[in-house]
Participant: 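Have a look at this one.
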Amino acid sequence: MALKIYNTLSREKELFTPLTPDHVGMYVCGPTVYSDVHLGNCRTFISFDIIYRYLVYLGYKVRYVRNITDAGHLEGDRDEGDDKFSKLARLQKVEPMEIVQKYTVGFHHVMQLLNNLPPSIEPTATGHIAEQIEITKQILANGYAYEVNGTIYFDVEKYNKELPYGILTNRKMEDLLEGTRELGGQDEKRGRLDFALWIKAKPEHLMQWPSPWGMGFPGWHIECSAMSEKYLGKKFDIHGGGMDLAATHHTNEIAQSQACYHTSPANFWMHTNMLTVNGTRMSKSLGNGFLPEELFTGNHPLLEKAYAPMTVRFFMLQTHYRSTLDFSNEALQASEKGLKRLWDAYEVLKQLAVSNGQLAMDAELDAKVNKLVNGFDEFMNDDFNTAKVLGNMFELVPVINSIKDGLIKADSIAAATLSLLQQKFKAYLENVFGLKNSAANNEVLSGVMELLIEVRKESKTKKDFATSDKIRNQLAAIGINLKDEKGGEMSWDLS
RNA sequence: GGUCCUGUAGCCGAGUGGCUAGGCAAAGCUCUGCAAAAGCUUCUACACCGGUUCGAAUCCGGUCGGGACCUCCA
């Protein structure tokens, strides 16, 4: 059973074989830190976090590089535009690096709340100006770029004569030329598809660096080429990002790498689909995005309530990463309840004791459990199908709960089956899916609850239901659920 | 205009030609002092029209919706 990954380049699932045995190099385009990340951005990072975690689970030693874009983005399509950081900084009368710092910290905080693992390396564009100048020089030397008045452009039409430029998204040059809107005003570019590798800065620019072509700043696409090469080499295994990056950004990255190193940078190109609201893509420019902060506090007109970070993570796991996912309160509330059901069963499963004698062995049930559990790896190997894994997990929930309630005898499945079930549930829920219990694990609270449960048990024994109901109802009012279980036991959790 | 994706029960969603995914909601039953939780049932859908096939949600063609990208965007 081997891992298959859908490759945007070939438009089909391919068997994944790393370039170096047991090692995987993966580069994912990170955020541009001039504003808060919205939930749509988070989806991509959650998807790649799970891909990263699964590769680690499979035993690969993974170097996961995700950049921070803190320089170089232009406003609009005019190449003489200000970059986003300078523009915002001037507006707010702060240093550009203050903007960068603020939103980088915010981004990391959100990633942590969503329980995304930090990447192995998180390079910044401003920290790799020298590398970007080097690669630009090489592309110039190789003849795929030209200088106009201190700005360096990539010559797309020349490149396309040798290698297909639109290969990633299956576009022909003629179609691209036809589809592009007419450029307004003066233009120093030779071809309308040409893009800037290095941009000459006006004296008033806040962020600029010296280069062989004078003071300037790097174009957007060049940073990923420079940083991926530096940390992963000229060719590596996986390059990922949101689907919206494929047609322009990733297309240009391939062209840059080919023009500089005569190789396509990555074997596998992976693209995650968009998060939509009412069927339309969530984006900064449309202003229909939710900030994670708004989601976690419920402080947004379109939100009926607050949702926990783990609910959001689980919500995204229920869909395949290449499908669009539509946001709605109803769907999120369904996820919240579903996750609770799954997690409660997991807590029960952890407590089940493995029995040694199989007196009540039920071969059919045992086979069913094994089949469902073995499906986890099988589904993940099929292009990371988290939704199907969850489907199997939910099918196992009644089995787990029935064993606990004695409806199914614990020894009706083999001891090995039960321990496999326990081991895989833990590995998947905690390690691969990166879910965690949102309930506070507080010793003081646990102690208090133990006391309350004892008092309530006593009052129930004395048939003092007024007291037992009072305890249960008042706890419910502050968000603690007390559950009566079979045999007079009680358990609790936070709602 | 070009390149693609997509249309699945009340809602969200997975689906590799034959084997009712799953979750949420709803209804009934069991358990229970009551409730919740849990267990067991019920709700058996694939936009439309053709075609291929013994057999199509799945493959092919067409029609009609919806969406993304081609411009900064995960």
Side-chain angles (χ1 to χ4, degrees), chain A residues 8 11 13 28-32 34-35 37-48 73-77 81 84 166 169-172 174-181 183 193 220 240-249 251 271-276 279-286 289 314-315 318-320 322-342 344-345 348 375 379 382 385-395 397-398 400-402 404-405 407-408 460 463 465 468-469 472-473 476 481-486 491 493 495:
Chain A
T8 307
R11 281 166 288 281
K13 287 179 198 168
V28 173
C29 293
T32 304
Y34 68 92
S35 66
V37 285
H38 60 67
L39 199 61
N41 302 110
C42 293
R43 185 183 181 198
T44 295
F45 302 129
I46 289 173
S47 294
F48 282 106
H73 268 209
L74 294 175
E75 280 294 330
D77 54 4
K84 284 182 176 168
T169 49
N170 197 26
R171 272 166 240 241
K172 294 193 190 79
E174 308 86 76
D175 298 337
L176 282 166
L177 284 167
E178 197 181 318
T180 314
R181 73 171 58 132
L183 290 167
L193 291 173
W220 174 33
M243 228 164 230
D244 51 341
L245 299 181
T248 308
H249 182 54
T251 291
H271 291 100
T272 56
N273 217 319
M274 300 291 108
L275 182 70
T276 61
T280 305
R281 177 187 164 187
M282 188 180 280
S283 77
K284 279 176 193 170
S285 39
L286 287 173
F314 181 78
F315 169 63
Q318 283 180 299
T319 313
H320 193 266
R322 281 188 292 112
S323 301
T324 51
L325 173 61
D326 197 56
F327 174 92
S328 71
N329 280 284
E330 236 182 327
L332 225 46
Q333 278 163 30
S335 290
E336 184 174 84
K337 290 186 182 171
L339 174 59
K340 182 164 167 23
R341 177 171 158 80
L342 190 60
D344 284 351
V348 167
F379 295 145
D382 184 18
N385 199 328
T386 54
K388 287 192 85 166
V389 175
L390 287 174
N392 274 18
M393 285 185 157
F394 275 111
E395 286 198 68
V397 166
I400 293 166
N401 286 329
S402 293
K404 179 202 170 207
D405 288 343
L407 297 168
I408 295 176
K460 277 186 73 175
K463 302 228 184 292
F465 297 125
S468 72
D469 285 355
R472 186 177 65 197
N473 294 340
N481 301 317
L482 206 55
K483 290 183 283 190
D484 289 350
E485 306 197 329
K486 291 197 173 26
S491 66
D493 62 34
S495 60

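No hydrogens, no waters, no symmetry mates; every other heavy atom, side chains included, goes into these values. Quick note on labels: first sequence line is chain A, next is B, and so on, each numbered from 1.
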Participant: Can you check the distance between B:U44 and B:G39, where both ends of the measurement are the P atom (answer in whole Å)?
Facilitator: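 One P to the other, the span is 22 Å.
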Participant: Which letter, B, S or -, goes with each nucleotide of nucleotides 33-39 of chain B from 5' to 3', with contact meaning a protein heavy atom under 4.0 Å?
Facilitator: BBBBSSS
Participant: Is the shortest distance from a Lys or Arg side-chain nitrogen in A:Lys388 or A:Asp382 to a carboxylate oxygen in the other one below 4.0 Å?
Facilitator: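 No, no charged N to carboxylate O under 4.0 Å.
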Participant: Taking the C1' atom in each of B:U3 and B:C19, what is the distance between them to the nearest angstrom?
Facilitator: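 These two C1' atoms come out 38 Å apart once rounded.
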Participant: For A:Gly241, answer base if it contacts any base atom (sugar-phosphate contacts may also be present), sugar-phosphate if it contacts only those atoms, and nothing otherwise; contact means non-hydrogen atoms under 4.0 Å.
Facilitator: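 The answer is sugar-phosphate, as A:Gly241 gets under 4.0 Å only of primed atoms, P, OP1 or OP2.
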Participant: Just N and O in the side chain of A:Ser323: are any of them under 4.0 Å from OP1 or OP2 of B:A14?
Facilitator: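 Answer yes for this pair, as a side-chain N or O of A:Ser323 is under 4.0 Å from OP1 or OP2.
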Participant: Between the base of B:C69 and the side chain of A:Arg171, is there any donor-acceptor pair under 3.5 Å?
Facilitator: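 Under the 3.5 Å cut-off, the side chain and the base do form a donor-acceptor pair.
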Participant: Suppose you measure atom C1' in B:G67 against the same atom in B:A35; what distance do you get, rounded to whole Å?
Facilitator: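 One C1' to the other, the span is 45 Å.
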Participant: Considering only atom C1', compute the distance from B:G18 to B:U58 and round it to an integer number of Å.
Facilitator: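 11 Å, rounded to whole Å.
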Participant: Quick one: stems involving RNA chain B, counted as three or more successive Watson-Crick or G-U pairs, both distances short of 3.5 Å.
Facilitator: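 Output for stems: B:1-7 with B:64-70, B:10-12 with B:22-24, B:26-30 with B:38-42, B:47-51 with B:59-63.
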Participant: Could you check whether A:Leu275 gets within reach of a base, just the sugar-phosphate, or nothing at all, counting any heavy atom under 4.0 Å?
Facilitator: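 Touches a base.
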Participant: Scan A:Lys337 against the nucleic acid and name what it touches under 4.0 Å (heavy atoms): base, sugar-phosphate only, or nothing.
Facilitator: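 A:Lys337: backbone/sugar contact only, no base atoms under 4.0 Å.
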Participant: Answer with base, sugar-phosphate or nothing: what part of the nucleic acid does A:Met243 contact at a heavy-atom distance below 4.0 Å?
Facilitator: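 The residue A:Met243 makes no contact with any strand.
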Participant: Would you check if A:Asn41 and A:Pro31 make a side-chain contact, meaning some heavy-atom pair closer than 4.5 Å?
Facilitator: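 In short, these two side chains do not touch, never coming nearer than 4.5 Å.
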Participant: For A:Phe379, does its backbone N or O pair with a side-chain atom of A:Asn385 as donor and acceptor, under 3.5 Å?
Facilitator: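 Looks like no, no N/O pair under 3.5 Å.
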Participant: Any non-hydrogen side-chain atom of A:Arg43 less than 4.5 Å from a side-chain atom of A:Asn273?
Facilitator: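 With C-beta onward as the side chain, the pair touches.
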Participant: Taking only the side-chain nitrogens and oxygens of A:Asn385, find out if one of them lies under 4.0 Å from OP1 or OP2 of B:G15.
Facilitator: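 So the side-chain polar atoms of A:Asn385 do come within 4.0 Å of the phosphate oxygens OP1 or OP2 of B:G15, strictly under.
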Participant: Identify whether the distance between the nearest side-chain nitrogen and carboxylate oxygen of A:Arg472 and A:Asp469 falls below 4.0 Å.
Facilitator: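 Salt bridge: yes.
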Participant: Can you check each nucleotide of nucleotides 56-61 of chain B against protein heavy atoms at under 4.0 Å and return B for base, S for sugar-phosphate only, - for none, in 5' to 3' order?
Facilitator: ------
Participant: A side-chain contact here means heavy atoms from C-beta on lying under 4.5 Å apart; do A:Val397 and A:Leu342 qualify?
Facilitator: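 Answer yes - side chains close enough.
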